[in-house]
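For reference, the structure is listed below as structure tokens.
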There are 4 protein chains.
Amino acid sequence: MPAKKPTAEDQTNESSLGGAIDAIMAAVEQEEGAMTDKKRRIVEAAIHCFAENGYAATATNTIARRAGVAEGTIFRHFETKKDLLIRLVRPLFSPSLLPLVAKELRTETERADGDLRTLMCTILANRLAFADRFAPLVRILIQEMRFHAELREAVAENFPVGLQIAADTVLKPYIASGQIRAVEPALFLRSVISLLVGYYVIRTEVLPAQEWDDEAEIGRIVDLMLDGLRPR
Amino acid sequence: MPAKKPTAEDQTNESSLGGAIDAIMAAVEQEEGAMTDKKRRIVEAAIHCFAENGYAATATNTIARRAGVAEGTIFRHFETKKDLLIRLVRPLFSPSLLPLVAKELRTETERADGDLRTLMCTILANRLAFADRFAPLVRILIQEMRFHAELREAVAENFPVGLQIAADTVLKPYIASGQIRAVEPALFLRSVISLLVGYYVIRTEVLPAQEWDDEAEIGRIVDLMLDGLRPR
Amino acid sequence: MPAKKPTAEDQTNESSLGGAIDAIMAAVEQEEGAMTDKKRRIVEAAIHCFAENGYAATATNTIARRAGVAEGTIFRHFETKKDLLIRLVRPLFSPSLLPLVAKELRTETERADGDLRTLMCTILANRLAFADRFAPLVRILIQEMRFHAELREAVAENFPVGLQIAADTVLKPYIASGQIRAVEPALFLRSVISLLVGYYVIRTEVLPAQEWDDEAEIGRIVDLMLDGLRPR
Amino acid sequence: MPAKKPTAEDQTNESSLGGAIDAIMAAVEQEEGAMTDKKRRIVEAAIHCFAENGYAATATNTIARRAGVAEGTIFRHFETKKDLLIRLVRPLFSPSLLPLVAKELRTETERADGDLRTLMCTILANRLAFADRFAPLVRILIQEMRFHAELREAVAENFPVGLQIAADTVLKPYIASGQIRAVEPALFLRSVISLLVGYYVIRTEVLPAQEWDDEAEIGRIVDLMLDGLRPR
DNA sequence: CATGAATGAGAATTCATTCAT
DNA sequence: TATGAATGAATTCTCATTCAT
């Protein structure tokens with residue numbers, strides 16, 4: 001018995017991904033169709049490994065061990081290692097995901113009932129929740145985008161759509177009603193995203209040990225965006 | 001050596017590092033001491049390769065070929081591939097670099113002569129120039145930080161110092177004089193950095209093909225920061 | 001599988017291990033469990049190479065070529081080159097081997113029926129046969145012991161047991177019956193082993209070209225041991 | 001300053017060779033002629049390293065560091081690594097060494113004045129002293145002989161001479177005078193050497209921690225040789 | 001579907017040796 | 001004589017992928 005037979009035990013369930021994995025697996029399943037148990041475990045393990053060590057530094061052998069399957073099994077389900085990467089990230093651009101976000105946005109807008117501050121807080125909070133839910137996938141996407149044209153293209157295709165939706169839904173009505181100055185939509189979006197991403201990175205990567213009160217922090221960010229640094 | 005704004009051309013041809021490399025090499029040389037010609041070429045090639053393809057996906061053999069040296073020569077100068085990575089990035093935390101930035105900040109503050117908007121624009125412009133000058137190193141640092149504890153530690157050690165300097169030099173005097181509302185320094189810094197980084201990424205990574213007018217964009221960012229979205 | 005006396009011919013042609021290899025492979029198989037054909041061939045080739053050129057001077061690539069397998073295959077079955085070495089030598093300390101020797105000793109003792117000379121001749125002859133049978137492994141063990149703590153430990157663990165058995169089975173009864181002077185067991189054992197090893201080395205390493213009559217030589221050694229140099 | 005400059009400090013003077021090194025260096029010097037300080041240190045370091053880790057596992061770089069010289073310096077004094085090995089061991093076969101031993105033997109014989117036991121004890125004690133004095137060289141010789149034809153040839157050329165001397169000086173006269181039975185010289189020599197080597201190995205390699213009383217042990221060995229195991 | 005032994009190209013690293021200074 | 005940077009072939013080990021079972 002030369003090579004140790006991998007077992008499910010080998011899966012180090014240190015689950016640094018938190019409950020996120022369930023939402024992700026659901027999204028992946030929607031893309032991939034029905035999955036056998038082994039395939040599901042491969043996907044899960046690959047997300048773990050890619051997110052933690054990066055694509056290039058992850059051996060298929062490592063994924064197999066973590067998934068508790070034979071190395072060959074991976075290649076029964078995914079043509080190549082790269083194919084695995086791409087199909088993992090794909091759900092992020094699922095046609096069912098972006099419209100969902102758009103719909104959420106619209107609902108939030110209606111609920112806020114014209115109160116700009118409430119609206120922005122809700123939007124940011126929801127985006128933050130989304131990021132948390134898909135954190136490992138997003139992390140993989142961001143890490144690997146630079147090195148894989150396929151991923152870049154997927155982003156390029158889908159991102160503008162999201163921006164347009166956001167601009168149309170949020171920005172225009174409020175500029176029209178005079179509650180927001182006439183800023184460029186691109187600047188507005190970039191700024192909101194930058195501030196949110198900045199907070200997200202600090203919270204999860206730079207100072208994860210610290211206690212964070214998302215609601216309060218988002219409130220401060222929104223206030224800064226709305227009122228600026230200068231005293232009124 | 002003035003910062004050279006990267007353009008789309010740089011993305012495609014072989015030397016995407018542009019003139020930046022000279023400033024970097026000078027900084028590296030200050031850390032490493034006198035370098036033989038071959039060692040210099042190894043450093044240069046490694047920066048290129050790591051920045052373009054990532055650390056894990058770069059073979060030492062590739063670096064050697066690009067540097068025009070034998071593969072063994074790399075290991076005469078750097079104990080391991082990882083050692084090479086770490087010593088490349090080190091100049092970013094050079095004791096001669098951070099104080100320099102601090103000094104620049106002070107000079108800028110004095111020059112602005114109390115005009116907040118001018119000051120912030122100058123600061124952002126200078127930071128942007130710095131990023132451009134050390135772009136490849138910064139890119140390597142950001143890409144690899146997640147995977148190498150040594151890099152994270154170096155950042156953790158040096159970053160807070162920079163923040164403190166910024167807070168003391170810029171924020172406090174202006175809050176004292178009533179030109180800035182009493183916001184938390186952490187929030188202020190995070191926001192400024194987020195907005196600047198967001199712009200930098202968009203400009204160099206997401207839409208490098210577009211023409212960017214740094215001065216104007218920085219002006220808009222500063223206005224947003226100072227006045228907020230709401231009409232005054 | 002009777003011991004085959006090595007001759008000068010064996011020294012020069014490729015398979016200097018002669019028929020010994022079969023007995024060895026059986027012992028290795030008992031330790032390693034069922035082995036694939038390729039693994040068996042790796043073991044065989046490694047024994048050959050290590051015995052002939054030493055561990056440090058043997059390239060895994062050489063072993064692979066001799067075994068007719070890909071180099072990678074070696075590392076599928078053995079974690080490192082050193083692991084291969086240690087697992088090769090292990091059968092020499094197999095729990096199934098030492099008791100076997102002890103049992104042989106007892107049988108020999110009984111058969112000799114009190115005749116000391118016959119007994120000692122039988123014992124030496126059997127030990128010589130054992131050495132011949134496992135010659136390559138023994139050679140590897142002796143050559144590499146100095147450089148690998150793991151091997152030394154294995155010897156240190158197992159050797160004393162063998163000595164004790166020998167002392168209890170052979171020496172004590174004969175001292176008790178007055179056929180042997182009251183010598184220290186340690187001295188006795190060391191002497192017998194030294195004389196036998198000395199003969200073995202001369203026969204196989206120093207003067208392998210010469211014809212050796214094992215039975216007669218052992219007789220002379222035993223006579224010397226029993227009667228000494230002085231005329232009686 | 002990429003590579004650390006080796007200094008004399010790097011010589012780990014844990015001197016496992018004991019005072020032996022002086023006698024050896026004198027012998028080497030007689031072979032090599034006058035030596036520069038650096039060359040002497042190379043020789044010393046090489047003896048250390050080869051004895052401790054074996055020839056194949058010792059890097060010239062390691063020798064250089066231990067000697068506190070540049071790697072290139074080794075090749076100024078010795079054509080190749082193998083040349084270094086061979087010239088190190090050569091003093092063991094120095095024309096000045098073997099006759100010396102022969103002369104010692106004759107002196108010992110005369111002094112013993114016919115008393116066989118005294119003579120043999122003296123001889124063994126002297127041989128043991130010799131082994132101790134040249135231990136590292138002897139160790140290297142024994143370890144590497146199997147792998148280097150040059151060494152084997154040197155042994156083959158010189159060993160028989162020593163045997164002949166021993167036989168003529170010690171054995172023949174005592175057989176003639178009836179103090180020793182008419183045993184084969186070869187058997188006699190082999191036995192004495194085996195017993196002595198056996199003791200030496202046990203004392204220095206197997207149980208070096210134990211306290212050894214050379215004189216007493218040699219006495220026991222000689223008694224065993226002379227009187228045998230059977231009671232008289 | 002699943003396995004896991006086998007592959008061989010390629011990875012990082014080592015090392016004896018050369019050579020300009 | 002001494003240096004140490006440079007070399008490039010060789011070495012140990014890794015890894016994505018294939019394929020017979």
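Proteins come first, then strands; the chains are lettered A, B, ... in the order of their sequence lines, and each starts at number 1. This structure is a prediction, so every number in the text was calculated from the model and none was measured.
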Between [N] ([atom2]) and [X] ([atom1]): distance, integer Å:
X	N	atom1	atom2	value
B:E32	F:dA5	CD	P	13 Å
A:F75	E:dC1	CZ	C1'	16 Å
B:R41	F:dT7	CZ	C1'	13 Å
A:K39	E:dC1	NZ	P	8 Å
A:F78	F:dT18	CZ	P	16 Å
C:L84	F:dC13	CG	P	10 Å
C:D83	F:dT12	CG	P	14 Å
B:H77	E:dT13	NE2	P	16 Å

By side chain to side chain contact (heavy atoms under 4.5 Å, CB included), which residues pair with [X], not counting sequence neighbours?
X	result
B:A67	B:R41, B:I42, B:A45, B:V69
C:E144	C:Y55, C:L85, C:I140, C:F147, C:H148, C:L151
D:A26	none

| query | Is any NZ, NE, NH1 or NH2 atom of the basic residue among D:R40 and D:E29 found under 4.0 Å from an Asp or Glu carboxylate oxygen of the other? | reply |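 Yes, D:R40 and D:E29 are salt-bridged.
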
Name all residues meeting the side chain to side chain donor-acceptor pair (under 3.5 Å) criterion together with [X]; count only those two or more places apart in sequence or in a different chain, and write none if there are none.
X	answer
A:Q30	none
C:K38	none
D:D83	D:R87
B:R146	A:E205

So which protein nitrogen or oxygen atoms get under 3.5 Å of nucleotides 7-11 of chain E's nitrogens or oxygens?
{"unit_1": "E:dT7", "atom_1": "OP1", "unit_2": "C:K38", "atom_2": "NZ", "d": "2.7"}
{"unit_1": "E:dT7", "atom_1": "OP2", "unit_2": "C:A70", "atom_2": "N", "d": "3.1"}
{"unit_1": "E:dT7", "atom_1": "OP2", "unit_2": "C:T73", "atom_2": "OG1", "d": "2.6"}

| Taking the same atom, C1', in F:dT21 and in E:dC1, what whole-Å distance lies between them? |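 These two C1' atoms come out 13 Å apart once rounded.
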
| Nearest-nucleotide comparison on DNA chain F, the residue closer to the 5′ end among A:A57 and C:A57 |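 Nearer the 5' end of the strand: C:A57.
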
| said: Do C:K81 and C:F75 form a cation-pi contact, if we require the NZ or CZ to be under 6.0 Å from the six-membered ring centre and within 45 degrees of the ring's axis? | reply: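 No, C:K81 does not lie over the aromatic ring of C:F75.
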
| Side chain of A:T80 - closest among E:dA2, E:dA5, F:dT17 |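 Ranking E:dA2, E:dA5, F:dT17 by closest atom to the A:T80 side chain puts F:dT17 first.
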
| query | What stems involve DNA chain E, if each pair must be Watson-Crick or G-U and both of its distances must be under 3.5 Å, with 3 or more such pairs in a row? | reply |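 Consecutive-pair runs (3 or more) involving DNA chain E: E:2-21 with F:2-21.
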
